[in-house]
Trainee: 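Got a structure for you, written out below as structure tokens; questions coming shortly.
Everything quoted here is computed from the prediction, not taken from an experiment.
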Amino acid sequence: MAVTTAVLLNGDDLRVEDVWAVAIDRVPAALAEDGRDRMRAARELVEKAASGAAGEHTYGINTGFGRFVEKTIPPELSEELQLRLLRSHACGVGDPYPDEVVRAAMLLRANTLAKGYSGARIETVELLIECLNRGVLPIVPSRGSVGASGDLAPLAHLALPLVGEGWAAVDGETLPGAEALSRAGLEPVRLQAKEGLSLVNGTQFMAAMGALALVRARRLVKAADIACALSVEALQGSRVSFRPEIHALRPLRGQGESAANVIRLVEGSAIIEAHRWCDKVQDAYSLRCAPQVHGASRDLLRYAEETIGVEVNSATDNPLVFVDEGELVSNGNFHGQPVAFALDSIAIALAELASISERRVERLVNPSLSGLPAFLTADGGLNSGFMIPQYVAAALVSENKVLCHPASVDSIPTSAGQEDHVPMGNASALKCWVVLGNVERALAIELLAAVQGVEFLAPLEPGVGVRAAHTFVRGISPALDEDRPLASDIERMADAIRSGELVAAVEREVGELS
């Protein structure tokens with residue numbers, strides 16, 4: 001369901017759809033009133049601890065950080081402590097995160113602070129939200145986080161423009177932090193006790209990439225079923241293996257959903273009807289077992305969605321502020337292991353969609369397997385047709401196999417052994433992001449090839465859902481009668497998968513797919 005009004009933040013009910021709406025569709029965000037109330041109460045407790053009235057050592061308020069936890073910081077240096085924390089932690093390297101990831105991370109950081117367990121001031125969080133809404137986009141290097149205590153280096157780069165330091169982009173121009181704020185009519189904030197720590201402790205970059213990945217993944221699993229249905233038609237496969245009574249005997253949710261989608265998409269197919277009584281006994285696994293493979297990916301993504309859905313509304317700061325108990329409690333909620341596992345799982349689930357898709361492409365272009373003209377071209381020799389797109393699909397699938405080695409099983413101790421187990425969740429996120437793009441392009445290749453294949457079976461027409469997909473694809477990529485560079489066609493098709501346009505076009509004809 002599309003988000004059209006401002007997304008209100010209280011730390012409790014943000015959805016991955018909301019993250020997409022703000023990060024991609026530029027829907028504004030705002031603090032909810034219940035979030036403000038909780039933040040005020042938590043801030044009072046932090047200020048009491050910062051004053052030294054309680055006479056206790058409280059991590060990050062009157063102590064150093066990490067291994068320096070035993071160092072006492074006097075109250076008059078508490079503000080300087082927070083500023084130096086941002087400066088010291090802003091040492092990330094490499095290419096910056098994509099703009100949409102930074103926007104999503106800004107939203108998630110504001111949301112977790114709005115939950116009221118961090119003790120940040122309302123004005124600090126409001127400045128972060130205003131930067132988001134007015135297009136002040138921090139420049140955040142993508143390498144440097146080990147995932148505990150969360151995404152420290154990236155979040156420090158994210159926070160520096162709030163104090164007038166670091167770098168940010170405004171209208172595509174990269175500016176020093178203070179100048180970027182000024183360009184948007186904003187003033188920097190002076191951090192007070194614990195606020196620097198509250199801005200950098202947490203899993204928001206991992207969770208941001210996970211949330212955006214899941215929206216793309218929802219579209220990909222439907223696109224995979226659409227591509228499969230097209231290939232079933234082009235290869236004159238059987239619909240028998242998609243019958244619901246088969247999948248009721250192995251009632252895995254994803255498997256049943258995928259099979260039901262394909263059955264609906266090929267409904268009314270004259271192509272399938274024409275070869276109902278042919279002598280082919282069984283289809284290859286890439287067709288016959290598609291529901292089992294696509295369904296397994298769907299079920300794994302469901303696990304990831306549950307984890308990320310919890311994470312975007314979680315308090316991942318340290319220490320946490322418990323107002324009712326009057327305590328600031330050191331904890332490990334910033335540890336990104338759950339998110340790292342989820343991100344590696346997303347990559348694995350999606351990679352399999354591309355793997356089985358590439359096998360269907362191979363069958364489409366191989367005349368010994370398809371019964372269609374070699375490489376889907378009527379004038380082979382002079383034309384190479386879809387010969388090389390299959391190579392591209394194979395290359396993407398091979399790259400995914402390397403990227404799917406889980407980063408989440410690795411750990412290198414940091415902070416002089418104080419942080420002796422870390423999840424490497426940022427690496428999981430970055431790999432997942434590349435896999436996403438590879439899978440979108442691999443499925444784009446199958447869609448282009450299968451549409452070409454179906455056309456060789458004219459005048460027989462495919463099912464209603466496949467016809468809708470065919471019409472949509474042809475609106476992006478004309479028939480390949482003579483060779484031409486297909487790179488831009490593949491990218492445009494991948495963009496249509498990513499944006500949801502392909503799925504929407506098909507669903508307008510057949511209703512919402514599972």
Trainee: Taking the side chain as everything from C-beta on, heavy atoms only, tell me whether Leu86 gets closer than 4.5 Å to Leu162.
Mentor: no
Trainee: First locate atom CG of Asn400, then atom CG of Leu436, and finally report the distance between them rounded to the nearest 0.5 Å.
Mentor: 9.5 Å
Trainee: For the backbone of Asn333 and the side chain of Thr316, can you confirm whether one donor and one acceptor N or O come within less than 3.5 Å of each other?
Mentor: no
Trainee: I'd like to know if the side chain of Lys431 reaches the main chain of His405, judged simply by a donor and an acceptor atom lying under 3.5 Å from each other, with no hydrogens or angles considered.
Mentor: yes
Trainee: More than 12 heavy atoms of other residues, nucleotides or ligands under 6.0 Å from CD of Glu187: yes or no?
Mentor: no
Trainee: Taking NZ, NE, NH1 and NH2 as the nitrogens, is one of them in Asp495 or Arg492 under 4.0 Å from a carboxylate oxygen of the other?
Mentor: no
Trainee: Rounded to the nearest 0.5 Å, how far does CG of Leu113 lie from CG of Leu31?
Mentor: 9.0 Å
Trainee: Between the side chains of Glu446 and Ser357, does any donor sit under 3.5 Å from an acceptor?
Mentor: yes
Trainee: Is NZ or CZ of Arg216 both nearer than 6.0 Å to the six-membered ring centre of Trp433 and within 45° of the ring axis?
Mentor: yes
Trainee: Distance-only, no hydrogens or angles: does the Ser258 side chain make a donor-acceptor pair with backbone N or O of Gly295 under 3.5 Å?
Mentor: no
Trainee: Verify salt bridge (charged side-chain N to carboxylate O under 4.0 Å, His left out) between Asp37 and Arg40, making sure each step is shown before the conclusion.
Mentor: CA-CA 5 Å; Asp37 293 340; Arg40 287 189 191 98; 3.0 Å; yes
Trainee: Would Arg121 and Glu126 pass as an ion pair if we require N to O under 4.0 Å?
Mentor: no
Trainee: Got a salt bridge between Arg183 and Glu173, using NZ or NE/NH1/NH2 to carboxylate O under 4.0 Å?
Mentor: yes
Trainee: Return yes when atom OH of Tyr303 has more than 12 non-hydrogen atoms of other residues, nucleotides or ligands closer than 6.0 Å, and no otherwise.
Mentor: yes
Trainee: Suppose we call two aromatic rings close when their centres sit under 6.0 Å apart. Are His335 and His421 close by that rule?
Mentor: yes
Trainee: Hey, could you give me the NZ/CG distance between Lys222 and Leu502, rounded to the nearest 0.5 Å?
Mentor: 11.0 Å
Trainee: State plainly whether the residues Lys194 and Asp317 are in salt-bridge range, i.e. N to O under 4.0 Å.
Mentor: yes
Trainee: Could you tell me whether Arg302 and Glu257 make a salt bridge, using a distance below 4.0 angstrom between a side-chain N and a carboxylate O?
Mentor: yes
Trainee: Could you check whether any side-chain N or O of Ser145 sits under 3.5 Å from a backbone N or O of Gly147, counting only pairs where one atom can act as donor and the other as acceptor?
Mentor: yes
Trainee: Tell me, yes or no, whether the heavy-atom count around Glu491 atom CD, taken from other residues, nucleotides or ligands under 6.0 Å, exceeds 12.
Mentor: yes
Trainee: Does Phe341 offer a backbone N or O that forms a donor-acceptor pair with the side chain of Ser345 under 3.5 Å?
Mentor: yes
Trainee: Strictly distance-based, threshold 3.5 Å: is any side-chain N or O of Asn261 a donor or acceptor partner for the main-chain N or O of Ser514?
Mentor: yes
Trainee: Look at the side chain of Arg109 and the backbone N and O of Ala105, then say whether any donor-acceptor pair between them is shorter than 3.5 Å.
Mentor: no
Trainee: Could you measure the distance from the CG atom of Leu350 to the OG atom of Ser355? Nearest 0.5 Å is fine.
Mentor: 12.5 Å
Trainee: With distance as the sole test, does Arg359 use its side chain to make a donor-acceptor pair with the main-chain N or O of Ser286 at under 3.5 Å?
Mentor: no
Trainee: Do Asn331 and Tyr117 have side-chain atoms, one donor and one acceptor, less than 3.5 Å apart?
Mentor: no
Trainee: Considering only NZ, NE, NH1 and NH2 on the basic side and carboxylate oxygens on the acidic side, decide whether Arg36 and Glu33 come within less than 4.0 Å.
Mentor: yes
Trainee: If you measure from CG on Leu214 to CZ on Arg218, what distance do you get to the nearest 0.5 Å?
Mentor: 7.0 Å
Trainee: Tell me, with the steps shown, if Arg298 and Asp225 meet salt bridge (charged side-chain N to carboxylate O under 4.0 Å, His left out).
Mentor: CA-CA 11 Å; Arg298 285 169 169 264; Asp225 290 341; 2.9 Å; yes
Trainee: Looking only at side-chain N and O atoms, does Ser198 offer a donor or acceptor that is under 3.5 Å from a partner on Gln82?
Mentor: no
Trainee: Does Gln192 form a side-chain contact (heavy atoms from CB on, under 4.5 Å) with Ser78? I'd like the steps, not just the answer.
Mentor: CA-CA 7 Å; Gln192 296 185 12; Ser78 61; over 6 Å; no
Trainee: How about Asn111 and Asn313: does a side-chain donor come under 3.5 Å of a side-chain acceptor?
Mentor: yes
Trainee: For the backbone of Ala120 and the side chain of Arg43, can you confirm whether one donor and one acceptor N or O come within less than 3.5 Å of each other?
Mentor: no
Trainee: Is any side-chain heavy atom of Phe205 closer than 4.5 Å to one of Val140?
Mentor: yes
Trainee: Using 0.5 Å steps for rounding, measure from the OG atom of Ser297 to the CD atom of Gln292.
Mentor: 12.0 Å
Trainee: Do other residues, nucleotides or ligands put more than 12 heavy atoms under 6.0 Å from Asp12 CG?
Mentor: yes
Trainee: Would you check if there is a donor-acceptor pair between the side chains of Asp95 and Ser142 at a distance under 3.5 Å?
Mentor: no
Trainee: Can you tell me if Glu311 and Thr203 form a side-chain donor-acceptor pair at under 3.5 Å?
Mentor: yes
